[in-house]
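Chain letters run A, B, ... following the sequence lines, proteins first, then strands; residues in each count from 1.
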Protein chains: 2
Amino acid sequence: MVTTPRNTRQRRAVAAILEDLDGFASAQEIHDLLRHRGESVGLSTVYRNLQALSDSAEIDALRNDDGETLYRQCSTGHHHHLVCRACGRTVEVAGPTVERWADAIAAEHGFVDVAHTLEIFGTCGDCTP
Amino acid sequence: MVTTPRNTRQRRAVAAILEDLDGFASAQEIHDLLRHRGESVGLSTVYRNLQALSDSAEIDALRNDDGETLYRQCSTGHHHHLVCRACGRTVEVAGPTVERWADAIAAEHGFVDVAHTLEIFGTCGDCTP
DNA sequence: CCGCGGATGGGAACCATTGTCAAATTGATG
DNA sequence: CATCAATTTGACAATGGTTCCCATCCGCGG
């Protein structure tokens with residue numbers, strides 16, 4: 001039986017933060033932001049909700065170089081990210097060609113259940129004086 | 001002043017393992033393999049040497065879904081990986097089109113100093129009964 | 001308004017990785 | 001071959017992000 005998630009204050013608070021954020025943020029950053037808003041939520045709960053949202057594909061997750069998982073609310077549908085190293089500003093990009101290329105390569109080598117990760121990092125105009 | 005790395009038994013042992021390995025392996029796996037060979041090397045040392053090799057671009061490193069860093073000796077030059085989730089078997093793939101696409105997208109949005117990560121994961125033929 | 005079961009939270013537990021530092025090893029030199 | 005400085009090693013502690021645990025809380029259907 002499928003369990004329906006409950007509409008708790010904490011879940012709403014986490015969702016609200018994600019609405020307002022522009023770029024990617026770590027669970028801990030989100031936890032701090034909530035605290036500053038006075039909408040304090042337990043760290044475990046922040047992690048749980050972010051993971052749940054990520055699992056249900058409502059938000060995107062990626063790992064940065066430091067091994068932290070970053071979250072962001074994105075448009076639906078498959079896409080990739082162009083992320084500014086300095087300020088975290090993110091541009092969503094679609095790359096139909098890349099998707100097809102990746103799948104073709106994998107099939108060619110007899111791989112199934114194929115997924116891929118693709119992120120582009122750079123320094124955005126605002127951060128390059 | 002640039003310090004020249006020394007030729008120690010441990011460094012040689014780690015390099016030798018990487019020669020023999022086909023796919024990506026974690027630091028801990030490599031540590032275990034060394035132990036089984038009777039060429040025991042301290043875990044810290046394995047980490048240090050892998051990092052050094054990775055820094056000098058002699059081996060490739062990537063992070064898997066569990067957040068572990070995996071290492072593998074690869075051909076030189078820019079390339080990406082098609083990795084089997086189950087056994088770690090790896091196929092190196094070049095994607096000139098993708099490189100150009102990524103750079104173009106980034107330039108289009110005013111990003112400079114651009115880099116990208118791209119890995120394809122799947123289950124290889126041998127691991128799909 | 002009740003009661004059930006999912007949700008919460010605070011701290012402990014995990015675990016890959018990095019730091020610490022005395023002791024061992026290397027490579028150059030005499 | 002002996003000496004010596006500098007690098008490297010390794011056992012263990014420490015770190016830090018994330019997950020687990022579990023008593024308590026509370027959303028929600030009846």
Side-chain angles (χ1 to χ4, degrees), chain A residues 1-18 23-56 58-72 88, chain B residues 1-18 21 23-56 58-72 83 85 88 119:
Chain A
M1 169 176 162
V2 191
T3 58
T4 322
R6 286 185 185 171
N7 178 25
T8 64
R9 174 184 69 78
Q10 293 85 342
R11 181 180 300 271
R12 267 179 274 122
V14 170
I17 282 277
L18 288 164
F24 279 88
S26 70
Q28 316 232 15
E29 281 168 350
I30 291 171
H31 176 251
D32 284 348
L33 288 171
L34 286 167
R35 166 163 294 186
H36 286 137
R37 277 198 183 183
E39 287 273 24
S40 200
V41 175
L43 184 56
S44 310
T45 304
V46 173
Y47 272 104
R48 266 190 307 248
N49 281 321
L50 287 173
Q51 194 134 66
L53 288 167
S54 176
D55 287 348
S56 62
E58 292 175 68
I59 61 177
D60 277 16
L62 64 82
R63 292 184 112 90
N64 70 4
D65 291 335
D66 299 338
E68 289 176 318
T69 305
L70 307 182
Y71 300 90
R72 176 170 186 264
Chain B
M1 167 175 163
V2 192
T3 58
T4 322
R6 284 184 183 172
N7 178 26
T8 65
R9 174 184 69 79
Q10 294 85 343
R11 183 180 300 271
R12 270 178 272 122
V14 170
I17 282 277
L18 288 164
L21 284 181
F24 278 88
S26 70
Q28 315 233 13
E29 281 168 350
I30 291 171
H31 176 252
D32 284 348
L33 289 171
L34 285 167
R35 167 163 293 186
H36 285 138
R37 278 198 181 183
E39 287 271 26
S40 199
V41 174
L43 184 56
S44 309
T45 304
V46 173
Y47 272 104
R48 269 189 304 247
N49 281 321
L50 287 173
Q51 196 136 66
L53 288 166
S54 176
D55 287 347
S56 62
E58 292 175 69
I59 61 177
D60 278 14
L62 64 82
R63 291 184 112 89
N64 69 4
D65 291 336
D66 299 338
E68 289 177 319
T69 304
L70 306 182
Y71 300 91
R72 176 170 186 265
V83 187
R85 283 192 199 83
E119 313 292 344

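When every heavy atom of A:F24 is checked against every heavy atom of A:L62, the shortest pair comes out as CZ-CD2, 3.5 Å. The shortest non-hydrogen separation linking B:I59 to B:S54 is CG1-N, 3.6 Å. Minimum heavy-atom separation, B:L34 to B:I17: CD2-CG1, 3.3 Å. The nearest pair of heavy atoms linking B:Y47 to B:Q28 is OH-NE2, 3.3 Å. Nearest heavy-atom pair across A:E39 and A:A13 is CB-CB, 4.3 Å. Here the closest non-hydrogen pair linking B:A27 and B:V46 is O-CG1, 3.6 Å.
Using a distance-only test at 3.5 Å, with no hydrogens or angles considered, a donor-acceptor pair links the side chain of A:R63 to the main chain of B:D65. Looking at A:S56, its side chain does come within 3.5 Å of a backbone N or O of A:A52 through a donor-acceptor pair. Without hydrogens or angle criteria, B:H31 side chain to B:G42 main chain gives no donor-acceptor distance under 3.5 Å. The backbone N or O of A:D66 sits less than 3.5 Å from a side-chain atom of A:N64, completing a donor-acceptor pair.
Here B:Q10 does not reach the OP1 or OP2 of D:dT8: none of its side-chain N or O atoms lies under 4.0 Å away.
If you measure from atom CG of A:L50 to atom P of C:dA7, you get 15 Å, rounded to the nearest angstrom. Spacing between atom CG of B:N7 and atom C1' of D:dT9 amounts to 14 Å, rounded to whole angstrom units. Nucleotide C:dT26 holds its C1' atom 10 Å from the CZ atom of B:R12, rounded to whole Å. What separates CG of A:D65 from P of C:dT18 is a distance of 13 Å, to the nearest Å. The CZ atom of B:R11 sits 16 Å away from the P atom of C:dT25 (whole-angstrom rounding). Per the geometry, CD belonging to A:E68 stands 14 Å off P belonging to C:dT18, to the nearest Å. B:L43 has its CG atom 17 Å from the P atom of D:dA14, to the nearest Å.
Under the 4.5 Å side-chain criterion, counting only non-hydrogen atoms from C-beta, B:L53 is in contact with B:L18.
A:R35 CZ: 12 or fewer foreign heavy atoms inside a 6.0 Å radius.
Side chain A:S44 to base C:dG10: a donor-acceptor pair is found below 3.5 Å. The base of D:dG10 lies close enough to the side chain of B:R48 for a donor and an acceptor atom to sit less than 3.5 Å apart.
Nearest-nucleotide positions on DNA chain C place B:D66 closer to the 5' end than the other of B:D66 and B:R9.
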Please list each protein N or O that sits under 3.5 Å from an N or O in nucleotides 12-14 of chain C, with the distance.
none

Please enumerate all protein N or O atoms sitting under 3.5 Å from an N or O of nucleotides 3-6 of chain C, with distances to 0.1 Å.
| residue | atom | partner | partner atom | Å |
| --- | --- | --- | --- | --- |
| C:dG5 | N2 | A:R6 | NH1 | 2.6 |
| C:dG5 | N2 | A:R6 | NH2 | 2.6 |
| C:dG5 | N3 | A:R6 | NH2 | 3.0 |
| C:dG6 | O4' | A:R6 | NH2 | 3.4 |
| C:dG6 | N2 | A:R6 | NH1 | 3.3 |
| C:dG6 | N3 | A:R6 | NH1 | 2.9 |

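Residue A:T69 is in sugar-phosphate contact alone, with no base atom involved, counting any heavy-atom pair closer than 4.0 Å across all strands shown. Counting non-hydrogen atoms under 4.0 angstrom, A:T45 reaches a base of the nucleic acid. Contacts of B:N49 with the nucleic acid, taken as non-hydrogen atoms under 4.0 Å apart, involve only primed sugar atoms and P, OP1 or OP2.
Within residues 28-40 of chain A, the residues approaching DNA chain D are A:Q28, by heavy-atom distance under 4.0 Å.
Among the nucleotides C:dT8, C:dA16, D:dT18, the one closest to any side-chain atom of A:Y47 is D:dT18. Minimum atom distance to the side chain of B:Q51 is reached by C:dT18, of the listed D:dT9, D:dT18, C:dT18.
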